[in-house]
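Sequence lines set the chain letters: A, B, ... in the order given, protein chains first and strands last, and positions in each chain run from 1.
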Amino acid sequence: MKSGAHRAAWASICAPDFSLALTLACGQVFHWQPCPAHGAGFAGAIGDVPVYVEQRGGELWTNGPRDLVAHYFALDHPLAEIYRSFPTDPAMSGALEFCRGLRIIRQPAWECLATFITSSMKQVAHIAQISHTIRRRFGQRLDFEGAELFAYPPAARLAELDEQTLRECALGYRAKNLLGSARMIATGEVDLEGIRALDDDAARAELCRLPGVGEKVANCVLLFAFERVRAFPIDVWIARVLREAYFKQKRNVSAGRLREFSRAYFGDYGGYAQQYLFHQARTAQKSRRRGKKTCRSPRGNP
DNA sequence: CTCCAGGTTCCGG
DNA sequence: CCGGAACATGGA
């Protein structure tokens with residue numbers, strides 16, 4: 001990082017078995033941005049605390065509060081033990097090789113829930129765009145040199161908007177769901193923090209009471225915010241991976257079948273396995289598209 | 001222009 | 001329990 005940055009004491013945190021870049025790029029969180037003004041790292045908000053982070057070998061440098069940063073990036077998760085729990089089939093081994101150091105972070109619950117409510121039938125890039133728009137328009141501006149940072153607006157803030165206003169953030173039909181969920185949480189009809197105390201099944205059921213929250217989004221919140229590392233969100237990508245890798249010959253593998261298989265096969269750190277498979281598959285797809293020659297359609301001959 | 005994207009909800013076999 | 005269809009918007 002450059003020497004001009006100050007304001008808080010810089011701290012270096014011991015962070016072995018950690019890849020900051022993979023952790024931020026794998027699709028579990030959407031608002032961190034490169035920050036050239038400070039260096040090769042990233043700027044983002046942890047809740048309403050603006051933070052710069054940069055990895056240097058086995059250390060994580062930051063101008064933010066040490067404990068907050070270490071907790072957010074889950075530097076205490078036992079990666080070696082987690083890897084030992086992974087099955088050793090080709091698909092999983094390939095994903096592990098590709099994603100080594102990726103950690104499932106501890107996100108604030110509401111912003112995690114809200115961003116995944118807006119995620120349905122949207123590309124990852126667009127989820128990030130919606131998240132940024134909502135932060136910029138309704139979130140608290142955070143004091144930070146080198147980047148424009150905004151906190152995610154609290155549920156109570158979104159709850160006071162009307163659907164039309166929210167739709168201007170390009171949410172489409174998801175605006176109604178986000179608004180409805182924000183209101184249920186703002187009124188206390190659903191106690192989001194209280195869900196922490198519940199077991200996985202009860203927590204998932206409670207989350208599913210919110211509009212726009214089904215099993216997949218609930219599992220994302222359990223995994224990315226409530227540290228339920230068994231939770232195994234199944235989206236189109238993971239469904240494809242599972243069918244290709246584990247049900248190659250089978251026809252018509254139902255969603256229920258996939259859910260049951262993932263629970264039994266990946267075990268207590270299934271959420272980690274899921275995210276590694278997800279990121280590996282998506283990255284492989286991207287590089288395949290990039291490598292392909294840009295071929296225009298031969299259709300329009302004048 | 002067509003297709004599809006980290007789904008959810010509702011509806012009929 | 002299972003498969004289909006509607007639902008908005010933008011990028012490839």
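Within the 4.0 angstrom heavy-atom criterion, base atoms lie near A:G27. Heavy atoms of A:I238 sit under 4.0 angstrom from at least one base atom.
Within residues 200-208 of chain A, no residue approaches DNA chain B, by heavy-atom distance under 4.0 Å.
Side-chain contact between A:L192 and A:L207 is present, with heavy atoms from C-beta onward closer than 4.5 Å. When side chains are defined from C-beta on, A:K122 counts as touching A:R174, because their heavy atoms get closer than 4.5 Å. Looking at heavy atoms from C-beta onward, A:Q55 lies in side-chain contact with A:F18 at the 4.5 angstrom threshold.
Residue A:S254 has its side chain nearest to C:dC2 when only C:dA8, C:dC2, C:dG10 are considered. With C:dA8, B:dA5, C:dG11 as the candidates, the nucleotide lying closest to the side chain of A:Y173 is C:dA8. Distance from the side chain of A:A170 is smallest to C:dT9 among C:dA8, C:dT9, C:dC2. Considering only the side chain of A:K122, C:dT9 comes nearest among C:dA8, C:dT9, C:dC2. When distances run from any side-chain atom of A:H126 to the nucleotides B:dA5, C:dG10, C:dA8, the shortest one goes to C:dG10.
Take the nearest nucleotide of DNA chain B for A:Q275 and for A:V213: the residue whose nucleotide is more 5' is A:Q275. Two residues, A:I234 and A:G212, neighbour DNA chain B, and the one matched to the more 5' nucleotide by heavy-atom proximity is A:I234.
At a cut-off of 3.5 Å, with distance as the only test, a side-chain donor of A:E81 or A:Y269 sits close to an acceptor on the other residue.
Of all heavy-atom pairs between A:A74 and A:I105, the closest is CB-CA, 4.4 Å.
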When you look at A:E206 and A:R204, which way does the salt bridge (Lys or Arg N to Asp or Glu O under 4.0 Å) test go after all the steps? CA-CA 5 Å; A:E206 191 63 12; A:R204 183 162 30 238; over 6 Å; no
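For C:dC7, neither phosphate oxygen OP1 nor OP2 lies less than 4.0 angstrom from any side-chain nitrogen or oxygen of A:R174. Contact check, A:R240 against B:dA5: a side-chain N or O comes under 4.0 Å of OP1 or OP2.
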